[in-house]
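Down below is the structure, laid out as structure tokens.
Since we're looking at a predicted model, the values are computed, not measured. Both ligands and their constituent atoms are indexed starting at 1 by order of listing.
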Amino acid sequence: MAIAAEATRTSESIDTVESALLEQWDVIVIGAGLSGMYQLLKLRQMGFKARVYEAGGGVGGTWYWNRYPGARFDSESWTYGFSFSPEVLKEWDWKEHFSGQPENLRYCEFIADKFDLRRDITFNTRVKAAHWDEAANEWEVTFEKGGRARARFLVTAIGPLSSPTMPTIPGIEDFKGESWHTGLWPHHPVSFEGKKVAVIGTGASGVQAITEIAKTVGELTVFQRTPNWCTPLRNSKIEPETMADIRARYDQIFAQCRENWGCFVHTADPRHSTDVTPEEREAFFEKLYNTPGFAFWQGNFRDVLMDQAANDALTQFVIKKIRARVKDPKIADKLIPTNHGYGTRRVPLDSGYFEVYNQPNVKLVDIRETPIERITETGLRVGGVDYEFDMIIYATGFDAITGAFDRIDFRGRGGEKLRDKWADGPHTYLGLNVTGFPNMLTLVGPHNAATFCNLPRCIEQNVEFVSDLLGYMRDKGLTRIEATPEAEATWTAHVYETGSRLLLTKVDSWMTGVNKNVPGRLKRTFMAYAGGAPKYRQKCEEIAANGYEGFNLSS
Ligand code: NA7
């Protein structure tokens, strides 16, 4: 039951090959995750003939694919749901403050049912290529399973973390036991009871999965390359009266998110960490550490993610916490990151992660000390020692942000390949369009504020901007839009300038585009706009108010 070494999400059922089929639409949307679903709804409401093509067998994107044990929100559930529909807000009850994957997928399905979205979505259809046809002024999209479709506008809703990557360890194909990638988790139940399980990878997915698997596993061995700074999630149930209170405050909650850098409810403290005494600082850290969600990361003193000395003080606090949670000091040493400060990579939120290593049936192997040599038929060879396993879990992450674009052969004006254009990092205007790729709008694309965002909040902003733009063009009889080279260059430079203030842009992670499993992804680049969602929204509003300045619009 081994999975393929190459982590591809192939279309789930290969229907009849309809290679002759040519479908014609006003707008094609690629992807039926949250952004694709909302974009479809808006386009339909505006009277556009729109079609969504989705590789998976259902809606939900991230929540459709990432079914691994322990997968759940790190955002408060009630800040994550869509805000655009008062009816949805009235009808949907969140059951936990940080809701789990099964419920999150149900939410996506509820949205699809509520707005009858599925009738405009073609499932099990992975887009292989999208080519701009200059003469026809439209896009032609071809599918892996055959068939093609054309539309004047192309909207990519392909997600920032949707291209899973496997390690480049030799022998992956040889393993005879069960093996799964967290981002390609099967739809049937997977039991760990009595089994010897290996997990490779300790990012946010690995941390959630390891904690859950440890509850029932026979023996668990974690292969860790880089430890991460985890802090407690502190999830809890939402009782009906609490849900009623949340519902009454939705306007206020979403308004608060709108004003926040990453659209969370945790706002950075306006003080510098040196404005208070060491005792006050410690007490503040303690309070935040005990607050659910990203409070400790996002609601801390304003300088801790920008100033090295401030970050060092915070890091020392987390080190103490890890040491207090892990009984064996030698294991604690291995679990404490040494190559980056707290909060400079995506912080996994944990629900008992460090305590897992106090269990007698859980082992931690530091593969920087003893690298994995190969995968064998029965397990892993590490430092000359063969470890036997029933199951190997790859929690090895994604080719982030631009990876999903690289998997589709996008070609713009004159046949230019997007992959080539972005070879040294993304170049975009607002993270929503690329010069040379007319009429292509990239929701949650690189250099968009959405990458650092409580995603649905920024998805709503992105989708509404794109919808207004398409409505404006239709009203004015315009059929073509493309960012000017100047606007693209200015925005790209602005993204770099803004990012350089953050410590996280000086550290290797998916946020800086580094993935050691992917050729050409070893050099850091800037994947996201770090100026924050409020500034981004303001910029978009100004641009729209000025007749979409920075874009060439023509009929
Ligand atoms: P991440 O955060 O990219 O984590 C991937 C993990 O896998 C990380 O610990 C990697 O170590 C490890 N990894 C990757 N390749 C290897 C190899 N070849 N050998 C050993 N270990 C490896 O992905 P996640 O899925 O956890 O999270 C992605 C985001 O999804 C998350 O931040 C949330 O926003 C949702 P490394 O750090 O590269 O040394």
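When the options Gly183, Ala395, Ser205 are ranked by their closest heavy atom to atom 24 (P) of ligand 1, first place goes to Ser205. With atom 21 (N) of ligand 1 as the reference point, the heavy atom nearest to it among Asn228, Leu349, Ile200 is part of Ile200. Considering each of Lys516, Arg345, Arg225, Gln224, the one bringing a non-hydrogen atom nearest atom 16 (C) of ligand 1 is Arg225. Considering His181, Met511, Arg346 only, the shortest heavy-atom separation from atom 34 (O) of ligand 1 involves Arg346.
Of the N or O atoms in Thr168, none lie within a sub-3.5 Å distance of an N or O in ligand 1. The N/O atoms of Thr226, backbone and side chain alike, include one that comes under 3.5 Å of an N/O atom in ligand 1.
Residues passing the ring-ring contact (aromatic ring centres under 6.0 Å, His included) test with Tyr68: none are found, sequence neighbours excluded. Evaluation of the side chain to side chain contact (heavy atoms under 4.5 Å, CB included) rule for Thr344 yields Asn311, His340, Leu503, Leu504, Val507 as partners, not counting sequence neighbours.
Between His427 and Lys421 the shortest side-chain heavy-atom distance falls below 4.5 Å. Side chains of Tyr357 and Ile210 form a contact here, defined as non-hydrogen atoms less than 4.5 Å apart. Counting heavy atoms from C-beta on, the side chains of Trp185 and Pro69 come closer than 4.5 Å.
Counting protein heavy atoms only, atom 31 (C) of ligand 1 is closest to Ala204 CB, 3.6 Å. Atom 23 (O) of ligand 1 has Gly397 CA, 3.2 Å as its closest protein atom, hydrogens excluded (heavy atom only). Nearest non-hydrogen protein atom to atom 12 (C) of ligand 1 is Gly201 CA, 3.6 Å. Among protein heavy atoms, the minimum distance from atom 4 (O) of ligand 1 is reached at Gly203 CA, 3.5 Å.
Proximity to Pro167 (heavy-atom distance under 4.0 Å) selects the following atoms of ligand 1: 17 (C), 18 (N). Atoms of ligand 1 lying under 4.0 Å from any heavy atom of Ile367, numbered from 1 in the order shown and given with element: 19 (N), 20 (C). Using a 4.0 Å cut-off to heavy atoms of Trp510, the atoms of ligand 1 that qualify are 2 (O), 3 (O), 28 (C), 29 (C), 31 (C), 32 (O), 34 (O). For ligand 1, the atoms closer than 4.0 angstrom to any heavy atom of Thr202 are 6 (C), 8 (C), 9 (O).
At least one heavy atom of Asn517 sits under 4.0 Å from some atom of ligand 1.
A tilted orientation is assigned to the rings of Phe82 and Phe84, their planes being inclined by 30° to 60°. The aromatic rings of Trp422 and Phe405 stand perpendicular to each other, their planes meeting at an angle above 60°, with 30° marking the opposite boundary.
Between the side chain of Glu54 and the main chain of Ala32, a donor-acceptor pair closer than 3.5 Å is present.
The SG atoms of Cys263 and Cys458 sit 2.5 Å or more apart.
Under 4.0 Å is where a charged nitrogen must lie from a carboxylate oxygen, and between Arg72 and Glu96 at least one such pair does.
Proximity of Leu161 to ligand 1, defined as any heavy-atom pair under 4.0 Å, is confined to the side chain (atoms from C-beta onward). Under 4.0 angstrom from ligand 1, there are no non-hydrogen atoms of Ile372.
For CZ of Arg302, the number of neighbouring non-hydrogen atoms (other residues, nucleotides, ligands) closer than 6.0 Å is 12 at most.
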